[in-house]
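Report on one structure; see the data block that follows.
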2 protein chains.
Amino acid sequence: MQSIANINIFISFTEILTQMKKQGETTIHDIARKLNIAASTVSRALNNNPIISEPTRKLIEKTAKEMGYRPNTLAASFRTKRTNMIGVVLPLINRHFFSSVISGIEEVAYSSGFAVTISQTNDNFEKEEKIIQTLFSNRVDGLIVSIGMQTQTFNHLKLFSDKKIPLVFFDRVVEEIDADKIVVDDYRGGFIATEHLIEHGATKIAHIGGPLNVKIYKDRLSGYKDAMNKAGLPIDENMLIHNSLTREDGTNAIKKLLLNEEKPDAIFCANDTTALSVIIYLREHGIKVPDNISIVGFSNEPFSELVTPSISTIRQPGFEMGKKAAELLINHIKQKEQHTSSQTIVMPTELIVRESSGRD
Amino acid sequence: MQSIANINIFISFTEILTQMKKQGETTIHDIARKLNIAASTVSRALNNNPIISEPTRKLIEKTAKEMGYRPNTLAASFRTKRTNMIGVVLPLINRHFFSSVISGIEEVAYSSGFAVTISQTNDNFEKEEKIIQTLFSNRVDGLIVSIGMQTQTFNHLKLFSDKKIPLVFFDRVVEEIDADKIVVDDYRGGFIATEHLIEHGATKIAHIGGPLNVKIYKDRLSGYKDAMNKAGLPIDENMLIHNSLTREDGTNAIKKLLLNEEKPDAIFCANDTTALSVIIYLREHGIKVPDNISIVGFSNEPFSELVTPSISTIRQPGFEMGKKAAELLINHIKQKEQHTSSQTIVMPTELIVRESSGRD
DNA sequence: TTGTACGCGTTATCAA
DNA sequence: TTGATAACGCGTACAA
C-alpha cells in the first residue's frame, strides 16, 4: 500500500518537473528518464530501428503516446540535414493547370512521406528570387519550379543546381540549367491548333503569344509558324502579338489586330485567358465567333467549356505532370549519390474542339 | 611580394579546408575564423544587432557575401523556436475564393517577413489531421485554417489552441474552439439571395446546401429560412437537400428536386459549383433558366459570370479576408504574451444579380 | 563593443 | 541490444 502511494507521488512529481521545465513539450529525454533508459534508445525505437527489441519498442511507443510526445521535426531536420519537405514554386496557384499540377505533386509526395510547401511568384521576379532564397535557407530537400514570365536570369536557381539539390522544372522550364524537366509538347500543341484552324478554312491566322524568353511560348509560336508554312500560308508580322497573356493583354491584342489593314479570320491564343477576353470583346462588338473569326486557346482551363461560345483549346495533363515531377524529384532525393544525367519528359498535348472554332 | 603570396596561400588553404569539411556550406564560424573574431559577433552583425559597431558590421557583411554565406534557418529556428513560417490549411486551392484568400495572406505575410506554407486537405479528414500534425511538428509559428466538410472532431486543432499557438479560422470555422475567426455574413448572404428570388416572383424555392456540421452552411440555410418566413412562404422539407456541393452532387440534387410532386420555381445553391451543374442539367433538359427556374449561387467564382446564363451569386471578399486573417495571426504571434480575447470578424456579403435570376 | 560558454532536441558513432 | 557522448549551427546570458 505504502509503496504504491510512493510510486504515485514519484510519478506526479516528475510530471510536475517536466511541465515546469518544458512548457508542455515532451522530448525523448523525458521519456528516457521516465523509463530509466537512454535517450538514444528512445530515438531508435520511435524511428522503428530494427535493432531495438520488440518489447522495449512497444513500451517506449506506449509511454510516448501517454506522455503526449510529439517529435520535434525541426531538431531532427537540423541534425540530419533532411527536412522531408519539397518546395513548389509557380507563378499562380489560381489557375486550373497549376493547381492540377500541385494536386499531382501532393499525391505522390504525401504517399512518400514528404511535405509540400507551395509558393506563388505572381510572375514577379523579385518575389521569385526571395521565395527561392527562403526555401533554400529552410533547407527543402528539393524544388519543383515553373518560372515567371519576367525571369531572365537564373542565379537564384543555380543556387540549387550548383549545390546538387534536386531540382525539377515543369512547364516553364529553364533551358540553361541542367535539371530534369517535365513539359508538354508545346510545339506540337501550337502546330495542331493552327492546322485545325487552317483545315476549317482560315488563311489569315493571328497569334497572341507570351514572352519569347519563355520556352513554351517560343515553341507554341514555332508550331504555329510551321503549320502556316506547311500550308503555304504567309506569316504576317502584324498578325503576331506578344504580351503577358493576362485578360487585359488579350483585350488590347484583339483591339490592335482589328486595326490591321487585313483582319484575321482566326486567332491562335497561347492561353485560354486571352482567348476568353478576345471572345468577350468580339461578342461585345458584334463580331461572330466562329463565323467571322475562329479561336483556339491553350490549357483547357475549366471556364473554356463553360463560356459561350465554348473555347477550342489544347489539353495539358497537369495532374500527371505533377505526379511525374514529384516522382522524379523524390527519386533524386533518395539516391542522391549517383547523379543520373538529367532527362526531359515530354507529355502529349491534345486538341479539344469546341464551338469557338466551329464545332458542329 | 612574398607576404602577399603567403596571404594568398593562406586564404586558399582555409577555403579548401572549409570546402572539405562542410561540403560547401559556409557558417558563421567560418566567417569568424576568417576574420579572427567570435562567432557571436558575426551572428549579431548579421542580425543587425545595433550593439555591433558600424565598421565591424560592414566588414562582416562584406565577408559573408564574399564567402557565399547563407543563413541556416533550420538551425536558427531550432534555437529560437520560431520558424517565421505560417501554415495555411484549406480544403482546395483550386477555387477562386480560396486562392484569393491565399493571395491576401501572402501579401501580408511576406511584407512582415513570414513565409507561408500552403496545404490542401481535399475535404479529407485524415489528410487534414496529418497535415496539421506535420505543421505542428515543423513548428509553424501560427496557423490559418478553413476546415473540411467531413471534419467533426477537433483534437488536431486543439493541439494548437491548447498550446497557445496562434490560430485563426476563416470561412469554415470551428465554433467549439476559442480562436480568431474571419467569416462572411453567411446568414445575410442566404437571406438576401432568397429574398431576391422571392422579389422576382418565386414562391417554391429549393435550397441545395452543404453539411450542417459546417457553420457557414447552417447559416446560409438560416438566412434562407428566415427570408421564406418573412415572406410568409412555407418551407417544404422536400425542397431542402444537403450534400458536399460538388459538381456531381449538384446534378444529383436537381434530378431529385425535379422528381418532387411540386417542382421548384427557384433554387438557392450554397455554392457556385452546384449552381453551375444545375444550370447545365436544366439546359440539357430544355428547362429555361431563369424563365422556368431561377438560380442564385454563392461565392462569385469567376466562371459564374462566364457561363450562359451567367449566375447570380453572393460575393465574398476573399482577398480581404486573407489579409485580415494574416494580420490577426501575425499580431498574435508578435505579442504572444497578452492573450487578448479572441474576436470574430464578419465581412459583408453582396448580391450580384446576373442572368440566372432574371437580370434584364 | 566584443568574447566565452552553453544549450536547444535529435541522431550518429562508438563502446559496452 | 542498449548506453554514453558528441555533434549539428545558431542565439544569448554573462563576463570582460
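So you know, we letter chains A, B, ... as the sequences are listed, proteins then strands, and number each from 1. Computation of the quantities below employed the complete heavy-atom set of this structure, encompassing side-chain atoms and omitting hydrogens, waters and symmetry-equivalent molecules.
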Please report the distance, rounded to the nearest Å, between CE in A:Met67 and P in C:dG9. 13 Å
Quick one: A:Ile28 CD1 to C:dG7 C1', roughly how many Å, whole number? 15 Å
CD of A:Glu25 versus P of C:dG7: gap in Å, rounded? 20 Å
Residue pairs meeting ring-ring contact (aromatic ring centres under 6.0 Å, His included), one or both in residues 37-62 of chain A, sequence neighbours left out, come to none
Sorted by first residue and then second, give each ring-ring contact (aromatic ring centres under 6.0 Å, His included) pair with at least one member in residues 104-131 of chain B; sequence neighbours left out. B:Phe125-B:His156
Heavy-atom closest contact (B:Ile102 atom, A:Ile93 atom, distance): CD1-CD1, 3.4 Å
Once ring pair (Phe, Tyr, Trp, His ring centres under 6.0 Å) is applied, do any residues pair with A:Phe78, and if so which ones, sequence neighbours excluded? B:Phe78
How would you list, by chain and number, every residue that makes a side chain to side chain contact (heavy atoms under 4.5 Å, CB included) with B:Glu66, sequence neighbours excluded? B:Lys62
Could you tell me which residues satisfy side chain to side chain contact (heavy atoms under 4.5 Å, CB included) with A:Ala115, sequence neighbours excluded, listed by chain and number? A:Met85, B:Thr134
Residues pairing under salt bridge (Lys or Arg N to Asp or Glu O under 4.0 Å) where one sits in residues 107-123 of chain B, two or more places apart or in two chains, turn out to be B:Asp123-B:Arg172
Pairs under 3.5 angstrom, nitrogen or oxygen only, protein versus nucleotides 14-16 of chain C, please.
none

Please name the residue in the list A:Val89, A:Leu90, A:Leu157, A:Val173 that meets the side chain to side chain contact (heavy atoms under 4.5 Å, CB included) test with A:Ile147. A:Leu157
Main chain of A:Arg44, side chain of A:Asn47: is a donor-acceptor contact present, judged purely on distance under 3.5 Å? no
Can you name the residues that form a ring pair (Phe, Tyr, Trp, His ring centres under 6.0 Å) with A:Phe160, not counting sequence neighbours? A:Phe136
So if I take residues 50-60 of chain B and measure heavy-atom distances to DNA chain C, which residues fall below 4.0 Å? B:Ile51, B:Ile52, B:Ser53, B:Thr56
Looking just at side-chain N and O atoms, do B:Gln120 and A:Ser103 make a donor-acceptor pair shorter than 3.5 Å? yes
Test of understanding: with side chain to side chain contact (heavy atoms under 4.5 Å, CB included), list the residues that count as partners of B:Asn48, not counting sequence neighbours. B:Arg57, B:Glu61
Strand DNA chain D in bracket notation, Watson-Crick/G-U under 3.5 Å with | for pairs to another chain: ||||||||||||||||
Distance check needed: D:dT1 P versus A:Leu35 CG, whole Å only. 19 Å
From CG of B:Asn49 across to C1' of D:dG11 the rounded distance in Å is 10 Å
Quick check: closest heavy atoms across A:Leu46 and A:Ala64, and the distance to 0.1 Å? CD1-CB, 4.3 Å
At under 4.0 Å, does any side-chain N or O of B:Thr41 touch on OP1 or OP2 of C:dG3? yes
Is there a residue in residues 69-85 of chain B whose heavy atoms reach under 4.0 Å of DNA chain C, and which residues are they? B:Phe78, B:Arg79, B:Lys81
Whole-Å distance between D:dG9 C1' and A:Arg139 CZ? 9 Å
If I take atom CD1 in residue B:Ile31 and atom P in nucleotide C:dG3, what distance separates them, rounded to the nearest angstrom? 14 Å
Side chain of B:Ser40, base of C:dA5: donor and acceptor closer than 3.5 Å? no
Salt-bridge present (B:Lys163, A:Glu25; N to O < 4.0 Å): yes
Rounding to an integer number of Å, can you tell me how far A:Phe136 CZ sits from D:dG9 P? 12 Å
